[in-house]
Amino acid sequence: MDKDHLIDLISNSLVYEGKDSESNKNLSDFKNYLNRLNLDQLRTMSKEFIL
């Protein structure tokens with residue numbers, strides 16, 4: 001899996017996408033955090049939280 005796919009997978013499984021602006025900001029902040037991680041860190045995170 002590539003980095004973008006892992007970021008989407010992790011963020012969608014951990015963060016509820018609400019319709020209010022605060023939820024959207026939280027999701028955006030979380031995706032920005034995930035973007036700063038390297039691919040190995042994302043793979044580890046996906047295994048720990050998704051599986």
Side-chain angles (χ1 to χ4, degrees):
M1 267 188 238
D2 67 349
K3 187 173 181 174
D4 291 332
H5 187 238
L6 280 171
I7 289 171
D8 287 339
L9 186 66
I10 293 167
S11 62
N12 289 336
S13 67
L14 297 178
V15 177
Y16 173 73
E17 291 189 57
K19 296 186 188 228
D20 62 357
S21 61
E22 186 173 333
S23 293
N24 288 334
K25 182 181 180 335
N26 288 340
L27 179 61
S28 177
D29 289 345
F30 186 65
K31 283 187 174 183
N32 287 335
Y33 164 74
L34 292 175
N35 271 313
R36 290 191 300 267
L37 299 177
N38 66 40
L39 192 53
D40 287 332
Q41 291 170 315
L42 289 169
R43 287 179 179 145
T44 300
M45 184 180 279
S46 70
K47 289 176 187 174
E48 291 176 4
F49 291 104
I50 297 170
L51 300 176

Between [atom1] of [X] and [atom2] of [Y], what distance do you get to the nearest 0.5 Å?
X	Y	atom1	atom2	result
R36	I7	CZ	CD1	10.5 Å
I10	L42	CD1	CG	5.0 Å
L9	H5	CG	NE2	5.5 Å
S11	N32	OG	CG	11.0 Å

Side chain to side chain donor-acceptor pair (under 3.5 Å) partners for D8, two or more places apart =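 D8 satisfies side chain to side chain donor-acceptor pair (under 3.5 Å) with no residue once adjacent residues are dropped.
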
Partner set under salt bridge (charged side-chain N to carboxylate O under 4.0 Å, His left out) for D40, not counting sequence neighbours |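 So D40 forms a salt bridge (charged side-chain N to carboxylate O under 4.0 Å, His left out) with R43.
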
Listed partners of D4 passing salt bridge (charged side-chain N to carboxylate O under 4.0 Å, His left out), at least two apart =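 Partners of D4 under the salt bridge (charged side-chain N to carboxylate O under 4.0 Å, His left out) test: none.
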
Hey, which of N38, T44, L39 is the one that makes side-chain contact (heavy atoms from CB on, under 4.5 Å) with Q41?
-> N38

Could you tell me which non-hydrogen atom of L6 sits nearest to which non-hydrogen atom of S46, and how far apart they are?
->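 Where L6 meets S46 most closely, the heavy atoms are CD2-OG, 3.8 Å.
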
Which heavy atom in K3 sits nearest to a heavy atom in L37, and how many Å separate them?
-> NZ-O, 2.8 Å

